[in-house]
Amino acid sequence: MTARPRWRAVGRDGEEIVIVEVAADLGELARRRVPAHAWATLVAEIEASADDVPARWVWSDTTRWYQALLAAGVIVARCHDLRLSHAILRASDLVTDAHDLRAAEEWDAPPSAPTTAAAPALFDLGEASGRVGVPDDIDAVLAEFRREERAVAETSEPGRLRLLLAAESAGALLAEEMHAAGLPWSRAVHEEILERTLGARPAPGTHAPRVQELAAAIRTALGDPAASLDSQPKLLRSLHRVGVTAASTSRWELAEYDHPVIAPLLQYKKLTRLASANGWAWLDEWAGGGRFRPVYVPGGVVTGRWASSGGGALQLPRQLRAAVRADPGWTLVVADVAQLEPRVLAAMSGDTALADAARGRDLYEGIVAGGAVPTRADAKIAMLGAMYGATTGDSGRLVPALRRTYPRAMGLVDDAARAGEAGGTVRTWLGRTSPASSADWRETQSRAGAPEATAADQSSARRSARDRGRFTRNFVVQGTAAEWALAWLADLRGALLAMPETSPSSAAAASGAAFSRRPHLCFFLHDEIIVHTPTDQANEVAEAVARSAANAATLLFGRFPIDFPLDLRITDDAAK
DNA sequence: AATACAAGCGCG
DNA sequence: AAAGCGCGCTTGTATT
């Protein structure tokens, strides 16, 4: 009999969709063709009859293929996203011969744009020509998949890279799922916050009442009833006229001055920021229907962190968190990891002293207890300085104390900085490699080494070398933290999908066909997550969240004794 | 009129 | 008190 498929590659062939079963040796086992309109149904059947370890869907770009499935209520267990995997592998210095991958430039495309009415999705036929993005015909998909698989198999660390690609691809599934489910958002609570802070909703083109009052107070303090407050150069000149000699209008600098204009001006900036970034217009555009649906962009940051586009999902002010409200009969499980990056640093460097400081408590208190620095505030500022490359100020002064106490951890980031300054690349724990230096950067360095180099050439080269060193220093930590978070998400996603569905009568209709009846992730921000769940499953979900964090630690760091404690709460209101 | 850039501030 | 990493978004100004 035929071997079981390990993968199911999917791609287009003209108007039809082709599914190719691929064996472990990359050989083709079977091929079936379906009309585009029947594809979602077929996927649902295949997923429903899947084994414990189902074949992984292999497709060009999750965004392009998965949206239509989710709209039809179909969830898939696992996938391999060729576009995201290509980006990791072509840049990885673990891949000894990336020539073929790099030659396949058609796979270097940026993320697909989100589907809108103006830009129809995959299954709105007739729109395929002229599409930008990676290829999706079945032959190109199979060829790229084989290139990627062979590249991984030839490396010295296939296990780590496979884990990274699986985590990245799981993230791609989740990004679409969270977009489809949306973050439950209370218009009433949001409006209440806006009205309490800004006053009644203003007519278009005018400021809210509190903003107008502040503007009047500022103009009085400036002695200029016509002063312009929204143009930085004009505002700065007005400030200079009343003796506030700041060099910029930034909050930090203004706060230095003692003048009656300062307090209302700082408040004015705060309120206009809220009004323009997350005011009524934002509410209407992004969260009016009871869900906020940001577009997550997995792998959107070079370090492997996610980016986002639309609605500023990664910048939701804490002030508005209270507007995140569970549906009736549902609740939220909110969790974040305390001090993720230094914990990851302890584990990846094998620094048992730092891991001891991290164990079972606040890591910064642990550093104080270890005697490196006197206070928690010092510990935090020193650790951030070590991971970001601070050289001046309090932060820079405190770093040497950490270097003495945690030589392995500090050695890892110092080595990463040195590699970057020298023009080299660095790797995360699972093998994501930092970008090579740019031609401009190398040119700057070589100019400084030439006999005719000026002092300006040399200082410019030193500056760009240090800039790059700070980037690679942080890359290893930020990138490995992103990998830990992805492992956490992916494991939790599996656990949530294994939970039973709730009854139709208590469905969260706005969460869409795929998620209205089961606990689902609805928000992710670097080191924190929110799960929207039927209330009677909340305890089980909370346990799964904690268990997945422990699983992620083991998956990445094996038996190394490092804790990732969660701040975990079950609440109807994400602000609490 | 359209586009590019810088400042400023929100998040981790 | 505001440097040291990574982002997105809005606004005003400069450029074309």
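Here the structure is a predicted model, which means the values were calculated and not measured. Sequence lines set the chain letters: A, B, ... in the order given, protein chains first and strands last, and positions in each chain run from 1.
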Per [X] side chain, nearest of listed nucleotides [options]:
X: A:H526; options: B:dG12, B:dG8, C:dA2; value: B:dG12
X: A:S395; options: C:dG6, C:dA3, C:dG8; value: C:dA3
X: A:R470; options: C:dG4, B:dC11, B:dC9; value: C:dG4
X: A:V301; options: B:dG10, C:dA3, C:dG6; value: C:dG6
X: A:S308; options: B:dG8, B:dG12, C:dG8; value: C:dG8
X: A:I381; options: C:dA2, C:dA3, C:dC7; value: C:dA3
X: A:E256; options: B:dC11, C:dA1, C:dG8; value: C:dA1
X: A:Q478; options: B:dG12, B:dG8, C:dA2; value: B:dG12
X: A:F471; options: C:dG8, B:dC11, C:dG6; value: C:dG6
X: A:T249; options: C:dC7, B:dG8, B:dG12; value: B:dG8

Could you give me the stems involving DNA chain C, meaning stretches of three or more consecutive Watson-Crick or G-U wobble pairs whose two defining distances are both below 3.5 Å?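 Ordered by first number, the stems with DNA chain C (at least 3 consecutive pairs each) read B:1-12 with C:5-16.
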
Would you please say whether a donor-acceptor pair under 3.5 Å links the side chains of A:D527 and A:Q339?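 Side-chain D/A pair, A:D527 to A:Q339: absent.
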
Between A:T249 and A:Q232, does any side-chain donor sit less than 3.5 Å from a side-chain acceptor?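 Per modelled atom types, A:T249 and A:Q232 side chains form no pair under 3.5 Å.
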
If I take atom [atom1] in residue [X] and atom [atom2] in nucleotide [N], what distance separates them, rounded to the nearest angstrom?
X: A:M383; N: C:dC5; atom1: CE; atom2: C1'; value: 15 Å
X: A:L398; N: C:dG4; atom1: CG; atom2: P; value: 15 Å
X: A:W306; N: B:dG12; atom1: CH2; atom2: P; value: 17 Å
X: A:F524; N: B:dC11; atom1: CZ; atom2: C1'; value: 13 Å
X: A:Y296; N: C:dG8; atom1: OH; atom2: P; value: 14 Å
X: A:I193; N: B:dG10; atom1: CD1; atom2: C1'; value: 15 Å
X: A:Q315; N: C:dG6; atom1: CD; atom2: P; value: 16 Å
X: A:L236; N: B:dA6; atom1: CG; atom2: P; value: 18 Å

Hey, what's the ring geometry for A:W107 with A:H86, parallel, tilted or perpendicular (30° and 60° as the breaks)? tilted

Determine the interplanar angle of the A:W488 and A:W484 rings, folded into 0 to 90°, and report it as parallel if under 30°, tilted if 30 to 60°, perpendicular if over 60°.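 A:W488 vs A:W484 ring planes: tilted.
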
Would you kindly check whether a donor in the side chain of A:R305 faces an acceptor in the base of B:dG12, or vice versa, at under 3.5 angstrom? yes

Once you apply a heavy-atom cut-off of 4.0 Å, does [X] come out as touching a base, just sugar-phosphate, or nothing?
X: A:R251; result: sugar-phosphate
X: A:G300; result: nothing
X: A:G310; result: sugar-phosphate
X: A:E341; result: nothing
X: A:G312; result: sugar-phosphate
X: A:S248; result: sugar-phosphate

What I'd like to find out is whether the side chain of [X] reaches to under 4.5 Å of the side chain of [Y], using heavy atoms alone.
X: A:L332; Y: A:H532; answer: yes
X: A:R397; Y: A:T392; answer: no
X: A:F523; Y: A:V324; answer: no

So, is A:K269 close to the B:dC9 phosphate, meaning a side-chain N or O under 4.0 Å from OP1 or OP2?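 For A:K269, the contact criterion (side-chain N or O under 4.0 Å from OP1 or OP2 of B:dC9) is met.
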
Taking the nucleotide of DNA chain C with the closest heavy atom to each, which residue, A:T391 or A:V302, is nearer the 5' end? A:T391

If you pin A:E253 and A:W286 to their nearest nucleotides in DNA chain C, which one's is more 5'?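 Of the two residues, A:E253 wins.
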
Using a 3.5 Å distance criterion without hydrogens, assess whether the side chain of A:T245 forms a donor-acceptor pair with backbone atoms of A:H240. no

N/O donor-acceptor pair under 3.5 Å between A:R343 side chain and A:D563 backbone: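 Side chain of A:R343 to backbone of A:D563, a donor-acceptor pair under 3.5 Å: yes, one is there.
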
Sub-3.5 Å pairs of nitrogen or oxygen atoms, protein against nucleotides 11-16 of chain C:
| residue | atom | partner | partner atom | Å |
| --- | --- | --- | --- | --- |
| C:dT13 | OP1 | A:S231 | OG | 2.5 |

Under 6.0 Å from the NZ atom of A:K270, do we count more than 12 heavy atoms belonging to anything else shown? no

Give me the one residue out of A:E341, A:E483, A:E168 that meets salt bridge (Lys or Arg N to Asp or Glu O under 4.0 Å) with A:R305. A:E341

So CG of A:L354 and CG of A:L363: to nearest 0.5 Å the spacing works out to 5.5 Å

